[in-house]
Enquirer: 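Following this message is one structure expressed as structure tokens.
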Amino acid sequence: MLGLFVCKEDTMSRYNARTTEPKWQKAWDEAEAFLAKRDPDKPKYYVLEMFPYPSGRIHIGHVRNYTMGDVIARYKASCGFSVLHPMGWDAFGMPAENAAMAIGGHPKEWTYGNIAAMKEQMKPLGLSIDWTREFATCDPEYYGQQQALFLDMLNADLVYRKNAMVNWDPVDMTVLANEQVIDGKGWRSDAPVERRELTQWFFNISSMAEELLSAIDGLDNWPAKVKLMQSNWIGKSRGLQFSFERSDGGEAIEVYTTRPDTLMGASFVGISPDHPLAKEIEASDSQAAEFIAECRKGGTTAEALETGEKLGYDTGLTVKHPLNPEWELPVWVANFILMDYGTGAIFGCPAHDQRDLDFCRKYELPVISTFVPKDDAGFVRPETSGEAYVPPKDEIVQFVQNLEGLNPFCTGNEAVDHAIAKAESEGWGTGQTKFRLRDWGLSRQRYWGCPIPVVHCDDCGVVPEKKENLPVVLPDDVSFDIPGNPLDRHPTWRDTPCPSCGKPAKRETDTMDTFVDSSWYFARFTSPRAQTPTDIDDAAYWMNVDQYIGGIEHAILHLLYSRFFARAMGKTGHLPQGTEEPFDALFTQGMVTHAIYQTRDDKGRAVYHLPEDVDQEKTVLRETGETVEVIPSAKMSKSKKNVVDPVDIIDQYGADTARWFVLSDSPPERDVEWTASGAEAAWKFLGRVWRLAADLEDGADTDEALERETAKAIHEVTVGIETFGFNKSVAKLYEFANAIQKSKAGPGAKRKAVKVLAQLMSPMTPHLAEEIWAHLGGEGLIAQAAWPVADESLLKEDSVTLPIQINGKRRSEIQVPADLPKEEVEKLALADQAVIKALDGGTPKKLIVVPGRIINVVI
RNA sequence: GCGGUCGUGGCGGAAUUGGUAGACGCGCAGCGUUGAGGUCGCUGUUCUGUAACAAGAGUGAGGGUUCGAGUCCCUCCGACCGCACCA
């Protein structure tokens, strides 16, 4: 690699990124080219990439993300917009505490050290960022304003306290994040995790469920799949809520079902292990207690609950079927029923729910079909097949166990409506709309987060901290040698007078979920030094974010929480009207992947190898000649040795090459595979473009063909950028550069074309573009030059080639004037040799002419 | 388990959104430049087939709608992502 590097700089005529790039970065700084200014004469444009977590090193994925944002920012600036393109750090979170535990030191030092290091790595990319607006969420100036927001939200009833389950490590005596639970065990202690109930703070996001759902429709510039995922996450459903009377006269069991039409197929009533009734039984029945304790082992994730083995315990209680008091159903405690959804109790209908069927098979409970396919010939019923029958709700089926008064041939939806209407008219149940969306638990039993600004007083209860006492700053003198939250054992920080009565009281030691930090940072960027969370005038000018760019992994939580916060900030006076949906357009970009090279050791285990240790052509290890297995397009991971470090790439080729590469090949929403040969190709191309410009003479000559190429290039590259088709813009730029190179035009015409080429490339490879611009005598900085405009008249072609299909297969083609009437085209088509031959004297059955596109002769 | 996405040459991918499949790049082959290698320049490159044409096949598999399907619908196979305390 080093040897190659020498070659890459040695020739005088070569473009030297190493000296050129810092030169132009300095020029931009001096010109304050990227300072965001409120300019009443210009339209504004706010482009934002999801801010990074300061892990310590930038990742090639960051390069891709920020390069895309930078292309948009630079492009919009040259189109005359006043651009806001800020950068900050999502700086609270567990890794800082983990580092403190693993290697000592303080989370604060670790975090700020990482921020400095990452900024150092990011700067050479030449991003058009307004660094004067930079902040980290762990700055007291930021989280203090977040505490002020919290207090206002508390005042507006958007925050409240209730009990909820957490993962509890019984050995380390600490709360665990889902990530820290591995196969149901604590990651450090290896002890089986338990679920434990704690009183925690919640944002009342479910109160906005209906609005958060209906507003999705208006998000025209969001990816359809993100909107669909959000809709499903909010999960609106219509169903029936009713009670099962207990045979022993105890408190009735309230259930909620979206399929009340299958009530005649009920075979048991199931309750969650966390249901109040389960707790009641637990107290008196030791076997039940044992079972419930078993259920509480393992994590709290939906995935763990739903993929685990379905277990149940027969409580011995029975309930009466609402439509037939003689019919008694057993009550089971079942581990797959979530307390958080509906009422925490269900009735099981095994014929039409796979989970219920598995459960009933296991515990030998009856299976009763309530409906079968409309035409049930050959249908094997769930009673005997082991497969539940779950057709779409809009499909017509035949009911065999129906509620009185229902047409046996109807859709699931009709049957549900009928069941609800019947229950309501008979008075034993009510139709209800429910959401899957749960309130957002924001309490974290950890140090490195934003302190929740409340005080617990024995006399006054939970008391909000006074705003003038904000920020409630994290104490620095903490240690991480034992697990748990150091704030809990920090008496001088924890002990504080009650803001209300002044008596000794204790601070809340829980801190906020880091998702809170990232739910409003976009608003803070509009006025990052304001003494209030936002400055309403600045927010009014800059909001909304015109283009937001980030990973698909944030499709649900971060975006939903931000949508909630924008509304909450509107209600508490921190954002102006019209910012309820803070992100006008969203783009979710794919990952940068890289091949994994692996061999096997004697025991058959995988051994991974660095790309530079592998002979790429023969796919063998350079040292031993051993054959290497290549796994393409894998997510980068240190342990798999397939990580590409952007710093190395920039050192070797320069930032422009890295930027050009991550935009090439793959569409931005898809993954792109990093390959050494691809990076090399990008580097070679940039060198070729430089040579194209380097030895051009001037001249007064013109060339129409080249002008046409130029107009087409402007048009297509612009469309590519506007539609996030960066790979297509890149392909067009290759074509345009090739066309210039091969053109026989004189130096004057070529010079004009190369200047446009530099402009079109400037959002992607800004340093090279500046160098060419300066070399060709362009005025000022290309970063501040106006975007070129295509000459419309040159875009139109005089004649077009129309392919002729015969019976749908391409057989010939004709050249016709672009504006030739359809009838004339038909005549020309019928006169084509291939058509005459195929017709063999007959007439075509049909002749289809799609103007400007295609001709199809049907014989 | 629930929800979502994707599948096109040797490889990454393009296809004006139902209208010439394979743009552009990599790789490979040949030629030129060079003392040689690299660089650089030119030409070719879906597969079968042919001396070359011709001709045929072809977008994970199977079926359907249509004058026309990579694109729309159904079934199947495979890969990937999310699931509320990772950021």
Side-chain angles (χ1 to χ4, degrees), chain A residues 4 7-8 11 14 50 52-53 55 90 92-95 164 166-167 175-181 200 225-226 228-229 231-233 235 299-308 310 336 340 354-355 358 436-446 513-515 518 551-558 560-561 591 616-617 632-633 635 664-667 669-673 675 677-678 680-682 684-685 687-688 691 716 719 725 727-728 730-735 738 741-742 801-805 807-813 844-848 850 852-859:
Chain A
L4 282 173
C7 286
K8 274 165 193 156
T11 321
R14 273 192 205 285
M50 290 179 186
Y53 178 78
S55 59
D90 189 14
F92 276 133
M94 288 202 305
V166 293
N167 301 307
V175 176
L176 296 178
N178 282 338
E179 191 190 49
Q180 296 170 314
V181 179
Q200 304 190 66
K225 68 172 166 181
V226 173
L228 187 59
M229 284 161 92
S231 293
N232 288 334
W233 187 261
T300 58
T301 66
E303 190 189 4
L305 293 175
E306 288 178 23
T307 54
K310 314 274 175 292
F336 61 90
D340 296 310
Q354 193 61 46
R355 270 187 316 193
D358 295 344
R436 210 185 69 101
L437 180 66
R438 309 200 297 251
D439 277 338
W440 171 12
L442 68 115
S443 298
R444 296 291 180 273
Q445 295 70 39
R446 274 186 273 278
D513 179 6
T514 56
F515 270 121
S518 55
I552 186 73
E553 68 273 21
H554 294 294
I556 297 172
L557 291 182
H558 163 61
L560 190 62
Y561 292 161
M591 291 186 301
Q616 301 287 335
E617 270 170 47
S633 299
K635 193 170 177 170
S664 313
D665 289 355
S666 284
E669 69 274 18
R670 296 257 291 257
D671 293 351
V672 62
E673 177 158 333
T675 60
S677 59
E680 189 84 11
K684 280 184 197 172
F685 175 70
R688 189 148 64 89
R691 284 193 302 280
E716 286 182 37
V719 169
N727 56 323
K728 286 178 245 170
V730 165
K732 187 65 208 175
L733 286 163
Y734 269 107
E735 269 185 81
N738 290 344
Q741 193 165 358
K742 285 180 188 157
T801 307
L802 289 181
I804 299 178
Q805 292 184 336
N807 290 337
K809 297 226 177 251
R810 187 182 174 281
R811 283 289 182 268
S812 181
E813 61 180 36
K845 272 193 206 147
K846 217 167 177 181
L847 184 58
I848 293 140
V850 184
R853 282 266 182 277
I854 203 164
I855 300 158
N856 194 6
V857 187
V858 185
I859 293 168

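The shown structure was predicted, so the numbers you read here are calculated from the model rather than taken from an experiment. We use all heavy atoms of the structure for the numbers below, so side chains are in, but hydrogens, waters and symmetry mates are not. Quick note on labels: first sequence line is chain A, next is B, and so on, each numbered from 1.
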Enquirer: Please name all residues satisfying side chain to side chain contact (heavy atoms under 4.5 Å, CB included) with A:Thr514, sequence neighbours left out, ordered by chain then number.
Expert: A:Phe92, A:Asp517

Enquirer: Specify the closest pair of heavy atoms between A:Gln200 and A:Ala164, including all atoms of both residues, with the distance to one decimal.
Expert: NE2-O, 3.5 Å

Enquirer: Rounded to whole angstrom, note down the P distance from B:G70 over to B:U16.
Expert: 12 Å

Enquirer: Applying ring-ring contact (aromatic ring centres under 6.0 Å, His included), name anything that partners A:His558, two or more places apart in sequence or on another chain.
Expert: A:Tyr548, A:His554

Enquirer: Excluding sequence neighbours, so at least two apart, what forms side chain to side chain contact (heavy atoms under 4.5 Å, CB included) with A:Asn178?
Expert: A:Asn167, A:Thr300, A:Thr301

Enquirer: Should A:Arg444 and A:Val166 count as side-chain neighbours, where that means a heavy-atom distance under 4.5 Å?
Expert: no

Enquirer: I need the A:Arg436 CZ to A:Arg438 CZ distance, nearest 0.5 Å.
Expert: 8.0 Å

Enquirer: Base, sugar-phosphate alone, or nothing: which one does A:Phe336 contact when heavy atoms must sit under 4.0 Å apart?
Expert: nothing

Enquirer: Going by the rule side-chain hydrogen bond (donor to acceptor under 3.5 Å, both in side chains), which residues pair with A:Gln445 if we only count those two or more places apart in sequence or in a different chain?
Expert: A:Asp510

Enquirer: Work out which heavy atom in A:Met50 is nearest to a heavy atom in A:Gly551; give both atom names and the distance.
Expert: SD-N, 3.8 Å

Enquirer: Within this structure, what is the CD-to-P distance between A:Gln445 and B:C86, rounded to whole angstrom?
Expert: 12 Å

Enquirer: Residues in ring-ring contact (aromatic ring centres under 6.0 Å, His included) with A:Phe515, at least two apart?
Expert: A:Tyr561

Enquirer: Of all heavy-atom pairs between A:Pro803 and A:Arg810, which one has the smallest distance, and what is that distance?
Expert: CB-NE, 4.1 Å

Enquirer: CE/A:Met94 to CD/A:Gln180 distance, rounded to the nearest 0.5 angstrom?
Expert: 4.0 Å

Enquirer: Say we look at B:U65 and B:U17: how far apart would their P atoms be, to the nearest angstrom?
Expert: 26 Å

Enquirer: Answer syn or anti for B:G10, where the cut-off is 90° from 0 on the glycosidic torsion.
Expert: anti

Enquirer: How long is the line joining CZ of A:Arg811 and C1' of B:A54, in whole Å?
Expert: 12 Å

Enquirer: Measure CD/A:Glu669 against C1'/B:C6 and give the value in whole Å, please.
Expert: 11 Å

Enquirer: Output the rounded distance in Å from CG (A:Asp90) to C1' (B:A87).
Expert: 7 Å

Enquirer: Starting at the 5' end of RNA chain B, which residue's closest nucleotide do you reach first, A:Lys310 or A:Asp513?
Expert: A:Lys310

Enquirer: Describe the nucleic acid contact of A:Ser443 in one word from base, sugar-phosphate, nothing, applying a heavy-atom distance below 4.0 Å.
Expert: base

Enquirer: Under 3.5 Å, which protein N or O atoms sit close to an N or O of nucleotides 69-80 of chain B? Give each pair with its distance.
Expert:
none

Enquirer: Whole angstroms only, please: what is the CG-P distance between A:Leu557 and B:C83?
Expert: 7 Å

Enquirer: Would you classify B:U16 as syn or anti? Syn applies when the glycosidic angle is within 90° of 0.
Expert: anti

Enquirer: Find the distance A:Lys809:NZ to B:C67:C1' and express it as a whole number of Å.
Expert: 14 Å

Enquirer: Stems in RNA chain B: runs of 3 or more consecutive Watson-Crick or G-U pairs, distances under 3.5 Å?
Expert: B:1-7 with B:77-83, B:10-12 with B:24-26, B:27-32 with B:40-45, B:46-48 with B:55-57, B:60-64 with B:72-76

Enquirer: For a quick test of reading the model: is some side-chain N or O of A:Ser664 closer than 4.0 Å to OP1 or OP2 of B:G25?
Expert: no

Enquirer: How would you label the contact of A:Gly678 with the nucleic acid (heavy atoms, under 4.0 Å): base, sugar-phosphate, or nothing?
Expert: nothing

Enquirer: Base, sugar-phosphate, or nothing for A:His558, non-hydrogen atoms under 4.0 angstrom?
Expert: nothing

Enquirer: Considering residues at least two apart in sequence or located in another chain, which fulfil the side chain to side chain contact (heavy atoms under 4.5 Å, CB included) criterion with A:Asp439?
Expert: A:Tyr160, A:Phe202, A:Asn204, A:Ile205, A:Ser206

Enquirer: In whole Å, measure the gap between the C1' atoms of B:C31 and B:G25 for me.
Expert: 22 Å

Enquirer: How long is the span from the CG atom in A:Leu560 to the CH2 atom in A:Trp440, to the nearest 0.5 Å?
Expert: 9.0 Å

Enquirer: Taking the same atom, P, in B:C6 and in B:A14, what whole-Å distance lies between them?
Expert: 12 Å

Enquirer: Any base atoms under 4.0 Å from A:Pro667, or only sugar-phosphate, or nothing? Heavy atoms, all strands.
Expert: sugar-phosphate

Enquirer: For B:U34 versus B:U71, give the span between their C1' atoms, rounded off to a whole number of Å.
Expert: 49 Å

Enquirer: Give me the distance, rounded to whole Å, that separates B:A21 from B:A54 when you measure between the P atoms they each carry.
Expert: 15 Å

Enquirer: Could you give the CH2-to-C1' distance, from A:Trp440 to B:C83, as a whole number of Å?
Expert: 17 Å

Enquirer: To the nearest 0.5 Å, tell me how far A:Ile854 CD1 sits from A:Leu802 CG.
Expert: 8.5 Å

Enquirer: Rounded off to whole Å, could you give me the CZ-to-P distance for the A:Arg438 and B:C83 pair?
Expert: 12 Å

Enquirer: Considering every strand and a 4.0 Å limit on heavy-atom distances, what is the contact class for A:Val857: base, sugar-phosphate, or nothing?
Expert: nothing

Enquirer: Restricting to side chain to side chain contact (heavy atoms under 4.5 Å, CB included), what partner residues turn up for A:Asn807, sequence neighbours left out?
Expert: A:Val858, A:Ile859

Enquirer: Verify the contact: side-chain N or O of A:Arg355 to OP1 or OP2 of B:G1, cut-off strictly under 4.0 Å; return yes or no.
Expert: no

Enquirer: What's the verdict on side chain to side chain contact (heavy atoms under 4.5 Å, CB included) for A:Arg811 and A:Val857, showing C-alpha distance, side-chain angles and the deciding distance?
Expert: CA-CA 10 Å; A:Arg811 283 289 182 268; A:Val857 187; over 6 Å; no

Enquirer: Can you name the atoms? Protein N/O to nucleotides 40-43 of chain B N/O, anything below 3.5 Å, with the distance.
Expert:
residue, atom, partner, partner atom, Å
B:G41, OP1, A:Gln741, NE2, 3.1

Enquirer: When rounded to the nearest 0.5 angstrom, what distance separates CD in A:Glu716 from CG in A:Leu733?
Expert: 10.0 Å

Enquirer: Under a 4.5 Å cut-off applied to non-hydrogen side-chain atoms, are A:Asn856 and A:Val850 in contact?
Expert: no

Enquirer: To the nearest 0.5 Å, tell me how far A:Lys310 NZ sits from A:Gln354 CD.
Expert: 9.5 Å

Enquirer: Select base, sugar-phosphate, or nothing to describe what A:Leu560 touches, counting heavy atoms under 4.0 Å on all strands.
Expert: nothing

Enquirer: Report each atom pair, protein N/O against N/O of nucleotides 2-5 of chain B, whose distance is under 3.5 angstrom.
Expert:
residue, atom, partner, partner atom, Å
B:G3, O3', A:Asn232, ND2, 3.0
B:G3, O2', A:Asn232, ND2, 3.1

Enquirer: What string of B, S and - do you get for nucleotides 19-24 of chain B, 5' to 3', when a contact is any protein heavy atom under 4.0 Å?
Expert: BB--BS

Enquirer: If I pick the P atom on B:A79 and the same atom on B:A84, what distance separates them, to the nearest angstrom?
Expert: 24 Å

Enquirer: Considering only B:G82, B:C67, B:A87, which nucleotide approaches the side chain of A:Tyr53 most closely?
Expert: B:A87

Enquirer: For the C1' atoms, the ones on B:C72 and on B:C53, what distance do you get once it is rounded to whole angstrom?
Expert: 38 Å

